[in-house]
Amino acid sequence: MGRIPASYLMNRLSTLVLTVLIAATLIWIIPRLSGLDPASAALGRMAAGGGSVANADEILAQLRSTFGLDQPLIVQYLLYIKNTLTFDFGLSTASFPTPVATMIGNALPWTLGLMMISLIITFFIGNLLGALMVWEHTPKLWKAVIPAAMVFTSIPPILSGLLLMYVFSTQLRWFPLSGPYGLNVEPGWTLEFFSSVLYHGFLPAMSIVVVTFGFWALGMRGLMITVQGEDYTTLAKAKGLRPRYILYRYMIRNAILPQITAFALKIGLLVAGQVLVERIFAYPGMGKLLYDAILTQDYPVIQGVSFVIILMTALAVFLVDLVYPFIDPRIRHGG
Amino acid sequence: MADQNAAAPETAAPDVSGLTKAQIKRMKRFDNPWRNPKLIWGVGLLLSIVALGILGRIFWDTEMVFTGSGLPRQAPVGIENMRGQMGSWAHPLGTDVTGKDILALLIVGAPNSLYVGVLASLIGMSIGIFLGFSAGFIGGRVDDVIRVGSDVMITIPPLLILVVFQAAYGDISLTIMAMLIACFVWQSPTRLIRAQVLSMRESGYVQMARLSGASTGHIMFREMLPNLVPYLFGSFIANVTTSIVTAVGLEVLGLGPQRVPTLGRVIYDAINSGALIQNLWWWWGIPTILLAVMFIGLLLINLGLDEVSNPRLRRL
C-alpha cells in the first residue's frame, strides 16, 4: 500500500467504523424507543402457541435475564455492540432456537452471488451503451434506441421485476416463477445444479440490470463527451487508427475510471432494490429473509439482516475508495 | 408554446439569414434553457398524476377504495376475466380480490405516493441547505462534523433503517413516513451545497458584497442561493425519486401506512394474493405503470434540469 498516505487510510477507515457504529446504534435504539418489550413479546408468542402460560411472571423474569434486560441500559448497549461486531445476533424468535447468524449465513451467498452477477452485467452493458451514445461511428438505429431505453433507469427494480416476471414467467413461461433452483435438482457441485441456479437467477438479475444500466450509461455519456474533445483522441484519429481501436483503447479506457467511484454512491440504493427483487422472486437471499422476518415479527432477524446489509454496503464503499488510486494513477490523495 | 417568440425579448435579434426554419426554431428554444422539451414533458407527466388525483376526486367515488365495493376480480372494461365475466363501466379498471375498485385506489394512492416523495424531499432539502451553508460558511469544527456526518449517512440505505423502525412501531401515517425518509435524503444536497459554497465564497461578486457591508444572511440567500437554483432543483428532483422508491419499497414489504391506500400497498396486496399466477394483471400492472409514469416524469425533469445547469449537454 505504498501509494496511499496513512492519513487518507485513517480517514476512510474511521468513516467505515463510524458508519457501522451508527448503523448498529440506530438499529438498537429504534425498537427500544418504541417501548417494545422483547420478553413480553416472546411470552405473548408462547401464550399464542400454547393457549395459556402457567407461572407467567416467573418466565417473564427468566426471559428478561436471558435477553439481558435486567441490566442497566449502558451495559445492554455495550453488550449489544460487542455481540453485533462478532456477528452474534442472538436467536431467531420465529424459528427458535436457530441462531440468526446461521440464517444470515445461509442467505448471504445467494444475495452476494445475485448482486455480483447483475452488477458485472449492468456495468459492462451500461458503460458500453453510454460510450456508444457519444461515439461518432455508432449506427443511427442504436443512437435512437439507446436513449429510449434510458427511461427504464428511473423505475425501481421491483417494478421491472414484476413486469419481467409477468411477461417471461407467467405468459411466455420461458423462465421459472420463483425459487433459487429447480425442485427436482439436488444441491451440490454438479453441472445440473449450476445450470439450474443460473436459469432461476436470470430473471431476478435481469430485473436489476434493466433498471440500473442507464445510470452507468448516463455517467459514461458525460465522461465520453469530455474525452471526445481531448487532444489524444484527435491525435489518435490523425494517426489513422481504426475507430473501434480508438473507442476501446483511447476513449473508454480513460472515461471509465470515474465511473468506479460513482459506484460507491450508488451501492446503497442497489442493495435496497435487490432486497425487494428477492422478495418478489422468493429468492432465498437476505431480502426474502428480511421479508419473512417482518411477517413473523422476528426482530433479531430484522436487526441482523439490516446490520449485515449496511455493513456490506459500507465495506464496499471503503474498498472502492481504497482500490481507486491503484486503478487510476491520476488520482493522488492529498494528506 | 404560442409565445415562443417572446422568449427572446429586448436583446438584439440574432442574424437569422441563411438558416432554415427548423434551425431558427431551435435557436429560439435554447434562448431559454428552462423551456426545453424534456423539462416540459417531465412536468406534464407529473401534473397528469396530480390531475388524476384532483379530477378523480371530483368525478369518481373514492369511497370505493374499501373492501366489497364491487364484485371481486373484475377485469377492466372490454376484457374478460377468468370466470368469463366482462369488465363493466361500474369499475373501468377492474377490482381486486376483495372487490376494491382499482380506479379509486389509483385516484387516492398515486397522489399519496407523490406527496410522500415531495414532502420528504422538501424537508431533506431544507436540512441540506441549512447544513450545507453552515459547513461551507462557518468551516472549522462545524464543517468537519457535517462532512463526516453526511459521508457516514450516505452509505446507509434508508430502506433498512426504516424497516427496523416500522417493524417496531407498526402503522404510521403518510406524513410521518415522509419525515422519516427525510432523515435519509439530506446528505447529497448538503454535500452539493457545501462544495458550491466553498467555491463561491472566494468568487468576485461575493467578495464585492462582503466589501459593501452586506450581512451574512444577505450574502447567503440573496447573492449565493440564486446561483444554486438549478443544482438545488436537480438535487430536489433526485431526492423525490429516492424518497418515492424508498416509500414504495416499504409499502411493498407491507410496512407502509396500513389504512391509507398507496400504490405500493396495492402492489403488496396483489403479490400476496397471487395476482401474478391468477393473471389479475390489472391489479398490479396498472399501479406499476402509474409509478413508472411518475418516475419517468421525474427522470425527464432531471435531464432537463441538467441541460439548464450544464450548457455543454444542450445539443441540437
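In the text below, chain A, chain B and the rest are named by the order of the sequence lines, each starting its count at 1.
- Residue Leu16(A) does not touch chain B at all, counting heavy-atom pairs closer than 4.5 Å.
- With hydrogens and angles ignored, the 3.5 Å screen pairs a side-chain donor or acceptor of Ser14(A) with a backbone N or O of Asn11(A).
- For a residue to count as touching a neighbouring chain, one of its non-hydrogen atoms must lie under 4.5 Å from one of that chain's; by this rule Leu276(A) touches chain B with the side chain only.
- Looking only at heavy-atom pairs under 4.5 Å with chain A, the residue among Trp281(B), Phe165(B), Trp284(B) that has the most is Trp284(B).
- Within the 4.5 angstrom heavy-atom criterion, only side-chain atoms of Ile271(B), from C-beta onward, approach chain A.
- Both the backbone and the side chain of Leu160(B) come within contact range of chain A, each with at least one heavy atom under 4.5 Å from a heavy atom of that chain.
- Options Thr246(B), Ile244(B), Val252(B) differ in how many heavy-atom pairs under 4.5 Å they form with chain A, and the most are formed by Val252(B).
- Few gaps surround OH on Tyr166(A); more than 12 heavy atoms of other groups in view lie less than 6.0 Å from it.
- Counting only heavy atoms from C-beta outward, the side chains of Leu159(A) and Val211(A) never approach each other to under 4.5 Å.
- Under the 30°/60° scheme for interplanar angles, the aromatic rings of Trp174(A) and Phe168(A) are found to be tilted.
- Asp292(A) pairs by the side chain to side chain contact (heavy atoms under 4.5 Å, CB included) definition with Lys288(A), not counting sequence neighbours.
- Interface residue Ile294(A): only side-chain heavy atoms are found under 4.5 Å from chain B.
- The candidate with the highest count of non-hydrogen atom pairs below 4.5 Å against chain B, out of Leu162(A), Ile309(A), Ile302(A), is Leu162(A).
- Under the 3.5 Å distance criterion, with hydrogens and angles disregarded, a donor-acceptor pair is assigned to the side chains of Glu278(A) and Thr111(A).
- Both the backbone and the side chain of Leu163(A) come within less than 4.5 Å of a heavy atom of chain B.
- Shown here is Trp135(A), whose CH2 atom has more than 12 heavy atoms of other residues, nucleotides or ligands within 6.0 Å.
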